[in-house]
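All values derive from a computational prediction rather than experimental measurement.
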Amino acid sequence: MAKKARVPVVKTERLADGIFGLTVLEPEMAALAKPGQFLSLYLEDKSRLLPRPISICGIDKEKGTLRMVFRVAGEGTRQLSWLKEGDFLEVLGPLGNGFYETKIQSAIVIGGGIGIPPMLALAKHLQEQGIQVTAVLGYRSEPAFLLPEFEAYAEAVAATEDGSLGIAGNVLDAIREKKLSADMLFACGPTPMLRGIKAFSEQSGIPAQLSLEERMACGIGACLACVCKTKEKDAHSEVHNRRICKDGPVFYAQEIEL
């Protein structure tokens, strides 16, 4: 169950231009958290009432810490990037449903852009379960933030749009060029990427779990600001909407319309 607490910042990082890491100490949240979930971070600036939802990048249950990696996209995330060790931050979490446990022997974890950080927590978790992991990570260009950390848990393959590192192209180009296959696909990234992964899943017969990126307001499913269409229909053949923050952000690919 999610809780709200004022927590200390124990580490901050600048990983690349506009990409920052933030680690907080909260043993209860860390004990409950699982890959694919997120935290809502509240700003000290009370003129900005809505929290910023940030995916969990790392979970250390022994130390009681949670790590988040985010891109500065506006004034709210810019203020988060100013935090330093010893500061305090109001946090609500862990929120949402994470990636689903499944009996598999191999997995491909796929991240694109700022969808890469949550896949690091998943790669670590899968590797600890004895599952063979390949990570396919898509960047616009170098530097490839977090890539060295993935190499501790997976065979890591990078794809860059400008060809400056790894395979020139996107994550699907890398999967096809490397002729990769596995028992399950896990992915997080922009909607066009997830749409491509969904199509690849259908073509290849490999099931996929997708973590959707969406603007969220409340983070707890109350405001209905973040919804996606599912393939379920009611008695009137109306498409059902699902709340990404509450019912997701992770869904099986065949459940949703993209």
Side-chain angles (χ1 to χ4, degrees), residues 1-16 18-99 111 114-125 128 145-146 149 152-153 188 211-223 225-226 243-246 248-250:
M1 180 176 291
K3 64 173 288 190
K4 192 174 186 179
R6 189 166 174 80
V7 303
V9 175
V10 296
K11 184 179 180 181
T12 60
E13 311 163 82
R14 182 184 180 278
L15 298 171
I19 305 292
F20 293 85
L22 186 65
T23 302
V24 299
L25 176 66
E26 218 305 322
E28 284 187 54
M29 290 186 194
L32 293 171
K34 60 181 183 177
Q37 291 186 299
F38 65 96
L39 302 177
S40 282
L41 311 185
Y42 292 81
L43 302 171
E44 291 294 329
D45 181 357
K46 298 308 178 186
S47 68
R48 300 179 184 278
L49 297 177
L50 295 177
R52 268 51 186 177
I54 308 291
S55 297
I56 297 171
C57 174
I59 304 165
D60 192 322
K61 295 184 185 296
E62 290 185 5
K63 293 181 179 178
T65 59
L66 293 165
R67 180 191 187 196
M68 294 151 285
V69 170
F70 60 93
R71 172 183 287 128
V72 172
E75 184 57 30
T77 44
R78 183 172 292 107
Q79 290 183 26
L80 290 175
S81 74
W82 297 339
L83 290 168
K84 55 188 182 299
E85 183 180 339
D87 287 343
F88 280 78
L89 181 66
E90 193 170 8
V91 174
L92 175 67
L95 297 169
N97 294 312
F99 290 100
I114 207 60
I116 290 171
M119 307 314 289
L120 180 60
L122 178 64
K124 180 177 184 289
H125 175 74
E128 289 173 346
F145 65 94
L146 295 178
E149 295 187 51
Y153 311 113
C188 183
S211 180
L212 306 189
E213 291 187 346
E214 185 55 76
R215 289 183 180 274
M216 299 177 189
C218 71
I220 57 174
C223 69
C226 61
R243 299 163 297 179
I244 292 174
C245 67
K246 181 75 172 179
V250 178

Trainee: Hey, does Glu13 have a side-chain heavy atom less than 4.5 Å from the side chain of Arg67?
Mentor: yes

Trainee: Is Glu62 atom CD crowded by more than 12 heavy atoms from other residues, nucleotides or ligands, each under 6.0 Å away?
Mentor: no

Trainee: Only one of Asp87, Val69, Leu83 forms a side chain to side chain contact (heavy atoms under 4.5 Å, CB included) with Leu22, so which one is it?
Mentor: Leu83

Trainee: Take Phe20 and Leu80 through the test side-chain contact (heavy atoms from CB on, under 4.5 Å) and record every step on the way to the result.
Mentor: CA-CA 9 Å; Phe20 293 85; Leu80 290 175; over 6 Å; no

Trainee: If I compare all heavy atoms of Glu44 with all of Phe88, which pair ends up nearest, and what's the gap?
Mentor: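 Smallest heavy-atom distance, with atoms named: OE2-O, 3.9 Å.
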
Trainee: Looking only at non-hydrogen atoms, find the nearest pair between Ser40 and Pro51 and report the distance.
Mentor: CB-CB, 3.7 Å

Trainee: Is any side-chain heavy atom of Leu95 closer than 4.5 Å to one of Leu39?
Mentor: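 Not in contact.
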
Trainee: Nearest heavy-atom pair of Glu26 and Ala5: which atoms, and what distance?
Mentor: OE2-CB, 4.1 Å

Trainee: Nearest 0.5 angstrom please: Leu122 CG to Ile56 CD1, how far?
Mentor: 12.5 Å

Trainee: Would you say that Ser81 contacts Phe70 through its side chain, given a criterion of any heavy-atom pair below 4.5 Å between the two side chains?
Mentor: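 Yes - at least one pair of side-chain heavy atoms lies under 4.5 Å apart.
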
Trainee: Which pair of non-hydrogen atoms, one from Cys188 and one from Pro118, has the smallest distance, and what is that distance?
Mentor: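 Heavy-atom minimum between the residues: SG-CG, 3.9 Å.
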
Trainee: Rounded to the nearest 0.5 Å, what separates atom SG in Cys57 from atom CD1 in Ile114?
Mentor: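 Taking SG in Cys57 and CD1 in Ile114, the distance rounds to 9.0 Å.
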
Trainee: Taking the side chain as every heavy atom from C-beta outward, state whether Tyr42 and Leu92 have any atom pair closer than 4.5 Å.
Mentor: yes

Trainee: Output all residues satisfying side-chain contact (heavy atoms from CB on, under 4.5 Å) with Lys34, sequence neighbours left out; order by chain, then residue number.
Mentor: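 Partners of Lys34 by the side-chain contact (heavy atoms from CB on, under 4.5 Å) criterion, ordered by chain and then number, come out as Gln37.
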
Trainee: Given side chains that start at C-beta, do those of Leu66 and Pro94 come closer than 4.5 Å, heavy atoms only?
Mentor: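 Contact flag for Leu66/Pro94 side chains = no.
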
Trainee: Locate the shortest heavy-atom distance separating Gly36 from Pro249; write the atom from each residue and the value.
Mentor: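 Taking every non-hydrogen atom into account, O-CG, 3.5 Å.
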
Trainee: Using a 4.5 Å cut-off on heavy atoms from C-beta on, say whether the side chain of Thr23 contacts that of Val10.
Mentor: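 The answer is yes; the side chains approach within 4.5 Å.
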
Trainee: When you compare the side chain of Met68 with that of Val24, does any pair of heavy atoms fall below 4.5 Å?
Mentor: yes

Trainee: Check the surroundings of atom NZ in Lys11: do more than 12 heavy atoms from other residues, nucleotides or ligands lie under 6.0 Å from it?
Mentor: no

Trainee: Just verifying a value: how many Å separate Leu89 CG and Arg6 CZ, rounded to the nearest 0.5 Å?
Mentor: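 The distance works out to 8.0 Å.
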
Trainee: Tell me the closest heavy-atom pair linking Lys63 and Leu25, and the distance in Å.
Mentor: O-CD1, 3.3 Å

Trainee: To the nearest 0.5 Å, what is the distance between CE (Met29) and NZ (Lys3)?
Mentor: 5.5 Å

Trainee: Hey, does the side chain of Arg52 reach the backbone of Leu50 with a donor-acceptor pair shorter than 3.5 angstrom?
Mentor: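 Here the side-chain-to-backbone pair exists.
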
Trainee: Can you tell me how far CG of Leu120 sits from NE2 of His125, rounded to the nearest 0.5 angstrom?
Mentor: 13.5 Å

Trainee: Go through it in stages, so that I can follow the logic: the residues are Thr65 and Asp60, the test is side-chain contact (heavy atoms from CB on, under 4.5 Å), and I'd like the CA-CA distance, side-chain angles, deciding distance and then a yes or no.
Mentor: CA-CA 5 Å; Thr65 59; Asp60 192 322; 3.3 Å; yes

